[in-house]
Amino acid sequence: MDDEREQLAGERRLIHDRLAKIEALRARGIDPYPRSFHRTHLAAEAIALLEALEALEALEAAGAAGAADATAGETGDHSRTEPVTVAGRIMARRGMGKASFIDLKDGSGRIQLFARQNMLGDDFELLELLDLGDIVGASGPVIRTRKGEPSIEVTSVTVLTKAIRPLPDKWAGLQDIEARTRQRYLDLISNEWAMRNARLRPAIVASIRKFMHARGFVEVETPVLVAVAAGASAKPFRTHHNSLNRDLYLRIATELPLKKLLVGGMEKVFEIGRLFRNEGVDHDHNPEFTTMESYEAYTDYKGVMEMVEQLVSTVAVDVTGSMTLAPSGEGGVEIDLTPPWPRLDLRETIIKETGIDFAVCNDVESLSQAMRERGIHVEQGLSWGRLLDKVISASVEPKLIQPAFLVDYPVEMSPLAKRKPGSDGIVERFEAFVLGSEMANAFSELNDPVDQRARFEEQEKLRTEFSDDETDRLDEDFLTAIEHGMPPAGGLGIGIDRLTMLIAREESIREVILFPQLRT
RNA sequence: GGCGCGCUAGCUCAAUGGUAGAGCAAGUGACUCUUAAUCACUAGGUUCGGGGUUCGAGCCCCCGGCGCGUCACCA
């Protein structure tokens with residue numbers, strides 16, 4: 001085209017060519033970035049319009065022809081809807097000289113544009129200035145081509161946005177995992193499953209809200225910036241407030257403020273929100289992740305257990321239409337979410353899987369010894385509770401493929417849970433597992449302020465003793481609150497990212513978070 | 001953070017230590033029912049960056065960058 005172009009190579013030439021087309025459009029008095037556009041139909045609606053017309057005409061033809069030999073397949077070929085206007089991105093183009101086929105993609109799907117010179121007139125030349133990736137509008141009746149493809153017989157084309165960079169490979173899509181996350185928009189454009197996951201997640205969240213609202217829960221919002229990162233054991237992110245001149249933390253749980261609302265008389269509350277934990281990044285963990293926590297007065301962990309199995313199975317039916325999740329990949333298993341899920345006593349299950357009885361190995365010494373004997377890596381300086389946690393995650397959790405509840409945890413691992421009557425050292429707590437992954441954590445909430453203070457102080461002691469900066473921190477405001485009386489209640493935390501992974505049958509959290517943290 | 005693997009054209013991928021290739025996308029031309037359209041031709045590369053070994057490095061070695069897997073920690 002010109003000398004300047006000859007000097008350019010690769011991507012820069014591709015961009016140069018498209019910029020030149022923008023100039024050519026402007027020279028014709030066409031704005032390549034117009035303000036707005038009125039579309040009458042989505043791609044899927046345009047196709048549905050044609051199908052409805054075909055069905056109607058087939059009926060009429062059958063009625064009119066009576067006993068005449070109805071060439072049913074042929075009647076549809078002549079159906080032609082009223083003119084429609086669609087808009088979307090050009091995904092593919094097949095030029096045929098004085099005719100051209102363009103695949104247009106919008107939020108509802110794809111539709112083919114059938115452009116012919118005799119229908120488009122002078123506008124046909126405009127097609128020369130269009131590229132894959134451009135966003136255009138097109139008008140015309142919906143017809144079916146000879147090969148049976150629903151298509152818009154284009155009578156006018158409008159440039160809506162000219163793209164100056166090319167799309168990823170139209171067939172292979174975008175494969176590079178780094179590019180797929182850094183440039184998620186390209187992933188969404190070119191990989192269908194990426195868009196499927198991107199839509200699945202909000203559908204799940206909406207379904208959870210519907211479920212909770214139907215049960216009378218009120219959705220609330222509590223602070224992300226907190227003075228004390230309490231309510232769970234995890235390392236927090238620290239930040240600083242300038243004019244207050246003090247350090248603040250990003251919350252690691254929503255538990256304590258929600259329970260303050262319980263004290264205040266909000267008897268059924270939940271929050272769907274982002275939590276932040278300053279820990280590793282892998283296929284299962286993102287430093288910011290989303291949970292739904294709920295608190296319901298006058299129930300206990302058994303009530304919560306029933307709610308969890310109802311919630312998860314209801315959401316699955318809501319968004320997939322089925323209570324069973326088909327196997328993912330080869331050798332995968334089908335997951336059946338149908339309630340009720342088995343309740344497995346934690347102590348018995350650990351004994352069954354490892355032979356370790358935590359009621360016997362009830363100090364750091366004997367538990368470490370038992371772990372070493374069974375080849376479980378023992379890290380020095382861990383508290384008894386954290387050691388047992390390692391036993392569970394190493395030997396028990398991987399076995400829990402189909403949904404199951406592990407029930408009744410040692411008090412040492414659960415500073416916010418209420419003691420189980422008649423069982424020394426055991427609290428009313430459960431965790432839900434599917435595919436070896438923790439989905440939910442719940443308990444009968446501890447509302448004895450004296451016991452709660454003692455538990456916190458025990459945690460603080462552990463923290464000093466084991467210099468464990470992950471154990472729970474004492475939140476004096478929270479203690480004051482429950483000293484005013486918190487009703488008996490069942491509380492729940494459920495991981496939205498994990499739940500989405502489960503329902504999407506994805507093995508990486510990256511696939512269900514639009515912009516995940518990449519590993520440094 | 002440790003260990004392992006990867007990074008080649010806009011995208012997807014090739015290339016015994018011996019002239020860096022293909023398909024798609026792009027450009028030119030042909031084509032009025034194609035759909036991974038087809039056909040002909042053309043152009044497109046600091047092989048992630050830096051250093052080293054070698055007559056010769058995309059490939060071997062060292063340092064760095066960015067990812068992924070795995071272990072540890074966690075949900």
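Reckoned from all heavy atoms, side chains included, excluding hydrogens, waters and symmetry mates.
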Contacts under 3.5 angstrom, residues 87-98 of chain A side chains, donor-acceptor by atom type, not counting sequence neighbours:
from: A/R89; atom 1: NH1; to: A/G133; atom 2: O; distance (Å): 2.8
from: A/R93; atom 1: NH1; to: A/L127; atom 2: O; distance (Å): 2.7
from: A/R93; atom 1: NH2; to: A/L130; atom 2: O; distance (Å): 2.9
from: A/R94; atom 1: NH1; to: A/D103; atom 2: OD2; distance (Å): 3.2
from: A/R94; atom 1: NH2; to: A/D103; atom 2: OD1; distance (Å): 3.0
from: A/R94; atom 1: NH2; to: A/Q112; atom 2: OE1; distance (Å): 2.8

Nucleotide N/O of nucleotides 21-25 of chain B paired with protein N/O under 3.5 Å:
from: B/G23; atom 1: N2; to: A/D169; atom 2: OD2; distance (Å): 2.7
from: B/A25; atom 1: OP1; to: A/K170; atom 2: NZ; distance (Å): 2.8

Review item, nucleotides 42-49 of chain B N/O atoms under 3.5 Å of protein N/O:
from: B/A43; atom 1: O2'; to: A/R13; atom 2: NH1; distance (Å): 2.2
from: B/A43; atom 1: O2'; to: A/R13; atom 2: NH2; distance (Å): 2.8
from: B/G44; atom 1: O2'; to: A/G10; atom 2: N; distance (Å): 2.7

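Within 4.0 Å of A/N278, counting heavy atoms only, lies no atom of the nucleic acid at all. Residue contacts for A/G493: at a heavy-atom cut-off of 4.0 Å it reaches no nucleic acid atom on any strand shown. A/D282 comes within 4.0 angstrom of a base, heavy atoms only.
Here the separation of B/U12 from B/C7, taken at their P atoms, is 13 Å to the nearest Å. Comparing B/G6 with B/C48, their C1' atoms sit 11 Å apart, to the nearest whole Å. Straight-line distance between the P atoms of B/U70 and B/A20: roughly 38 Å, to the nearest whole Å. Separating the P atom of B/A36 from that of B/A9 is a span of 27 Å, rounded to the nearest Å. Of the C1' atoms belonging to B/C66 and B/G49, the separation is 11 Å, rounded to the nearest Å. Across the C1' atoms, B/C33 and B/C24 are found 23 Å apart, a figure rounded to whole Å. Annotation: B/A57 and B/C3 have their P atoms spaced 29 Å apart (nearest Å). Taking atom C1' on both B/U38 and B/U32, the two are 15 Å apart, rounded to the nearest angstrom.
Residues satisfying the side chain to side chain contact (heavy atoms under 4.5 Å, CB included) test with A/T291, not counting sequence neighbours, are A/L275, A/F289, A/E293. Listed by chain and number, the residues in a ring pair (Phe, Tyr, Trp, His ring centres under 6.0 Å) with A/Y295 amount to none (sequence neighbours excluded). Residues satisfying the ring pair (Phe, Tyr, Trp, His ring centres under 6.0 Å) criterion with A/F358, sequence neighbours excluded, are absent altogether. With sequence neighbours left out, A/F114 forms a ring pair (Phe, Tyr, Trp, His ring centres under 6.0 Å) with A/F101.
Side-chain contact between A/I189 and A/Q183: absent, with no pair of heavy atoms (C-beta onward) separated by less than 4.5 Å.
Legend: salt bridge (Lys or Arg N to Asp or Glu O under 4.0 Å) pairs involving residues 160-170 of chain A, not counting sequence neighbours, sorted by first then second residue: A/E11-A/R165, A/D131-A/K162, A/D134-A/K162. For residues 164-191 of chain A, the set of pairs meeting the ring pair (Phe, Tyr, Trp, His ring centres under 6.0 Å) definition, not counting sequence neighbours, is empty.
Atom CD1 in A/I509 sits roughly 17 Å away from atom P in B/G67 (whole-Å rounding). Spacing between atom CZ of A/R274 and atom C1' of B/A75 amounts to 15 Å, rounded to whole angstrom units. For the pair A/F124 CZ and B/C31 C1', the computed distance is 11 Å after rounding to whole Å. Protein atom CG of A/L19 is 16 Å distant from nucleotide atom P of B/A26, rounded to whole Å. In this entry the distance linking CG of A/L129 with P of B/A26 reads 14 Å, nearest Å. Atom-to-atom, CZ of A/R519 to C1' of B/C5 comes out at 12 Å; the value is rounded to the nearest Å. Rounded to a whole Å, the CD1 atom of A/I102 is 14 Å from the C1' atom of B/A37. Straight-line distance from the CG atom of A/D131 to the C1' atom of B/G27: 11 Å, rounded to whole Å.
Counting heavy atoms of neighbouring residues, nucleotides and ligands inside a 6.0 Å radius, atom CZ of A/R196 exceeds 12 of them. Heavy-atom contacts from other residues, nucleotides or ligands closer than 6.0 Å to CG of A/N118 number more than 12.
Taking the charged nitrogens against the carboxylate oxygens, A/R386 and A/D389 have no contact shorter than 4.0 Å, which rules out a salt bridge. Taking 4.0 Å as the cut-off between side-chain N and carboxylate O, A/E511 and A/R180 count as a salt-bridged pair.
The CG atom of A/L387 sits 11.0 Å away from the CD1 atom of A/I392 when rounded to the nearest 0.5 Å. Summarising the geometry, atom CD1 belonging to A/I111 is positioned 15.0 Å from atom NZ belonging to A/K105; distances are rounded to the nearest 0.5 Å. To the nearest 0.5 Å, atom OG1 of residue A/T254 and atom CE of residue A/M292 are 10.0 Å apart.
Applying the 5.5 angstrom centroid cut-off and the 30 degree plane-angle cut-off, the aromatic ring of A/F101 is not stacked upon the base of B/A37.
Using a 4.0 Å cut-off on heavy atoms, the residues of residues 107-121 of chain A that approach RNA chain B are A/Q112, A/F114, A/R116, A/N118, listed by number. For the segment residues 176-183 of chain A, residues with any heavy atom less than 4.0 angstrom from an atom of RNA chain B are, sorted by number, A/D176, A/I177, A/E178, A/R182.
Counting only N and O atoms by type, the side chains of A/E57 and A/S79 include a donor and acceptor under 3.5 Å apart. No hydrogens or angles considered: nothing links the side chains of A/S395 and A/E353 as a donor-acceptor pair under 3.5 Å.
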In dot-bracket notation, what is the pairing pattern of RNA chain B, taking Watson-Crick (N1-N3 plus N6-O4 or O6-N4) and G-U wobble (N1-O2 and O6-N3) contacts under 3.5 Å, with [ ] crossing and | for other strands?
-> (((((((..((((....[..)))).(((((.......))))).....(((((..]....))))))))))))....
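The phosphate of B/G27 has OP1 or OP2 within less than 4.0 Å of a side-chain N or O from A/K21. For B/C68, the OP1/OP2 oxygens have a side-chain nitrogen or oxygen of A/R510 closer than 4.0 Å.
Close placement of the A/F405 and A/F430 rings is indicated, their centers lying within 6.0 Å of each other.
With RNA chain B read from its 5' end, the first of the two nearest nucleotides for A/L174 and A/R94 is the one closest to A/L174.
With distances taken from any side-chain atom of A/Q175 to the nucleotides B/A75, B/U12, B/U70, the minimum falls on B/U12.
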